[in-house]
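What follows is a single structure, written as structure tokens, with notes after it.
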2 protein chains.
Amino acid sequence: MKFSIIKSGILVAFLLGASTIAQAQEISAMQAPKVVSPEVASDNSVSFRIFSPSANEVTLNGSWMGFGEKLPLQKEENGVWSVTTDPLESSMYHYNFFIDGVSAIDPTNPEALRDGTRYASLLMVSGEGSDVFELNEVPHGSISKVWYESPSLDSYRRMYVYTPPGYDSGKESYPVLYLLHGAGGDEDAWSALGRANDILDNLIAEGKAKPMIIVMTNGNAWQTSTLRNVPGAAAPTRETYAKFQGQFEKSLVKDVVPYIEKNYRVKADKENRALAGLSMGGAHTITASTEYPGTFGYIGVFSSGIFDANADMAELEKKFTALKASGVSKYWVACGKDDFVMESNKRLLSILDKTGLEHEYHESEGGHTWANWRDYLVLFAPMLFI
Amino acid sequence: MKFSIIKSGILVAFLLGASTIAQAQEISAMQAPKVVSPEVASDNSVSFRIFSPSANEVTLNGSWMGFGEKLPLQKEENGVWSVTTDPLESSMYHYNFFIDGVSAIDPTNPEALRDGTRYASLLMVSGEGSDVFELNEVPHGSISKVWYESPSLDSYRRMYVYTPPGYDSGKESYPVLYLLHGAGGDEDAWSALGRANDILDNLIAEGKAKPMIIVMTNGNAWQTSTLRNVPGAAAPTRETYAKFQGQFEKSLVKDVVPYIEKNYRVKADKENRALAGLSMGGAHTITASTEYPGTFGYIGVFSSGIFDANADMAELEKKFTALKASGVSKYWVACGKDDFVMESNKRLLSILDKTGLEHEYHESEGGHTWANWRDYLVLFAPMLFI
């Protein structure tokens, strides 16, 4: 074929510098030593590098490090700061640089994560421990950003819906997992930080989880979607938070579940509905499952529990007894042994024990982290709909 | 309702600091003066602020400024650096800080954009000029990230599909716009940077554009999806780029169009297929439309043209003559008067003139920018399928 729009390498370079951001970056890149960051060595030690001839101090915090801990980088003569960690376990991590105290993502790392209102750079140390979180050569489901009317919240809202591989071309109906984020998160969190779609792609491909739909809602009743408040509404203050109590949970059962069951090919009964959430989403899970017993046959509470130390335990026991009577196929509770919500978690476990609601408890290492929540989903998803 | 999982403000604050990133940030935020950035004043001047007591120099580049231009911030006694711009036209912009020369997103701005491998912070100066790019109170279509097999490229690839409001619950069939990104971009670019979904939501709500599906592919034949190369493949060098010529265009017509027409409710004929692209995507548009005449009835070429100054113009004229004979309802060309691709754009216009292929040409202010490409989509979409 003789016809060739692009055949000159010079023209390609010219196109590759096409956007204004890229142009600016390419110019400054020409003036600077080329740095590679992050770089994972064969022993899984990781080198981080950043070019800044004029900074006074550069440090780093990574999700494998302690809370608030800072790892200093050393400046070389060419203006490149660097540091190499000890070998890390293969897993998914995130990190930030601090340039003279200012939090920054790694400018040479194209993969960044948003956690609420903050960004961090992604570090994947590939190996056995990361495999289930990675985009592997397996069939992939779709993620859709879908808007729905919520009469319960009187707003028009967004959720993410994962449909498993084969959904678009098939005719099968699927069970549904409703998967809830924590405080500070939104409908984007379970896919971006939790890798829920990658985890399910991988578990389904290995035959470890049933193909299922996952519905990831926005659990902030005052928001319509990521970073957007309901018109006229404001984010709650400490004083006004209580007025939203129970509202999201109602909208989940009254608005979201019916929307999904009308617009997707799903099996619409308790044995094919699961509900799980982390932290605030665990509290939403507890409320929604006890206020609407008989709706969800599978329940997962991650790093959460009964947050209110003064909760009316007699009233709660009644509700858990009613939930037990409605028939629960699996009630799974998980918490890290260093998690600051441990007391809340224990209050939940005590009610489950007292009411005889059969459950499994998984206590992991670590605390209130996405590393744990990803692991919990990997453990929980295979228990569903079997 | 007495049952209350969350009623204490203290518990809420404790939950709001739940993620590890948020925790670290909240701690450092307590030690620092509270800054607001960006802050748009009533006259549309914008103040940028960042806290860094120990930086030597902080500057800023914004998309309203010249290429490579740096606006210095001034340090106040409390360690906060700030600068206020002249009033800006209402529109969508992006910007970066440079902390001692290191490019950083604004740590207090929760909205960031990825352009290829780089991030910038979003600035929306709301008003008449931004309205069509904003998430307004109108019905919203869905964006889905969909994987498909591409036999032409022997790979499994991702595209984004916008379905208009009402698609999920309706039975109607829709026309389709295939919308292609430029070099350095990927399947995410037209929604994240181009706001294609917001633009169409708004135009459809105002009755200015027909409801349509938009398919946003990954035009990098060596990639499967954002930042992921085909297993075993590498990004092309200047020397190897030519080997990919025409491959993506073939996969678009042979793989993508059939996938969409099989799996979505679409009107599957030339009069209901449009193809448009920017820069490299404009070159893809030229190739795909001339190599496969009769496929697309509407064609848009943004900031692009015949990049090869030594192209065989006689051969090209034959192909454009065949395209003309196939029947083109609209051929629309747009370029900024300062765009560095102006010579390529002129070569395209000369072929269109010479072959008598009826077309419209829009020459805007400015250059090779997303500001222009968003504007071009706002102008082009209303011309389609009428």
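Proteins come first, then strands; the chains are lettered A, B, ... in the order of their sequence lines, and each starts at number 1. Values below: all heavy atoms of this structure, side chains included; hydrogens, waters and symmetry mates excluded.
Among residues two or more places apart in sequence or in another chain, the side-chain hydrogen bond (donor to acceptor under 3.5 Å, both in side chains) test is passed with A/Ser144 by B/Ser144. Residues passing the salt bridge (charged side-chain N to carboxylate O under 4.0 Å, His left out) test with A/Asp186 are A/Arg114, sequence neighbours excluded.
Note that the CZ atom of A/Arg118 and the CG atom of B/Asn109 stand 10.5 Å from one another [nearest 0.5 Å]. Expressed to the nearest 0.5 Å, how far OG of A/Ser121 lies from OH of B/Tyr119 amounts to 7.5 Å. A distance of 13.5 Å separates NZ in A/Lys145 from OH in B/Tyr162, rounded to the nearest 0.5 Å. Between atom OG of residue B/Ser103 and atom CD1 of residue A/Ile105 there is a gap of 8.0 Å, rounded to the nearest 0.5 Å.
Proximity to chain B is limited to the side chain of A/Arg228, based on heavy atoms less than 4.5 angstrom apart. Only the side chain of A/Lys262 comes within less than 4.5 Å of a heavy atom in chain B; its backbone stays farther off. Within the 4.5 angstrom heavy-atom criterion, atoms from both the backbone and the side chain of A/Pro139 approach chain B. With a 4.5 angstrom heavy-atom cutoff, A/Val138 touches chain B only via backbone atoms. Residue contact with chain A, scored on non-hydrogen atoms closer than 4.5 Å, involves the backbone and the side chain of B/Glu111 alike. For A/Leu227, the part sitting under 4.5 Å from any heavy atom of chain B is the side chain, from C-beta outward, and nothing else. Contact annotation for B/Ile99: both backbone and side-chain heavy atoms come within less than 4.5 Å of a heavy atom of chain A. Heavy-atom distances place no part of A/Tyr160 under 4.5 Å from chain B, backbone and side chain included.
Of all the listed residues (A/Pro107, A/Ala104, A/Ala371), the one sharing the greatest number of non-hydrogen pairs under 4.5 Å with chain B is A/Pro107. In terms of non-hydrogen atom pairs under 4.5 Å with chain A, the most contact-rich of B/Gly79, B/Ser169, B/Ser54, B/Gly367 is B/Ser54. Listed options A/Asn197, A/Asn263, A/Thr224 were ranked by heavy-atom pairs under 4.5 angstrom with chain B; first place goes to A/Asn263. Put simply, of A/Gly116, A/Gly101, A/Ala112, A/Ser303, the one with the most heavy-atom pairs under 4.5 Å next to chain B is A/Ala112. Ranked by heavy-atom pairs under 4.5 Å with chain A, the first of B/Val161, B/Asp339, B/Thr117 is B/Thr117.
Here the side chains of A/Glu137 and B/Tyr156 are not in contact, with every heavy-atom distance at 4.5 Å or above. In this structure, A/Tyr148 and B/Asp168 have side chains that are not in contact, with every pair of non-hydrogen atoms separated by 4.5 Å or more. The side-chain heavy atoms of A/Leu135 and B/Ser225, taken from C-beta on, include a pair separated by under 4.5 Å.
Looking only at distances, a side-chain donor or acceptor of A/Ser52 sits under 3.5 Å from a matching main-chain atom of B/Asp100.
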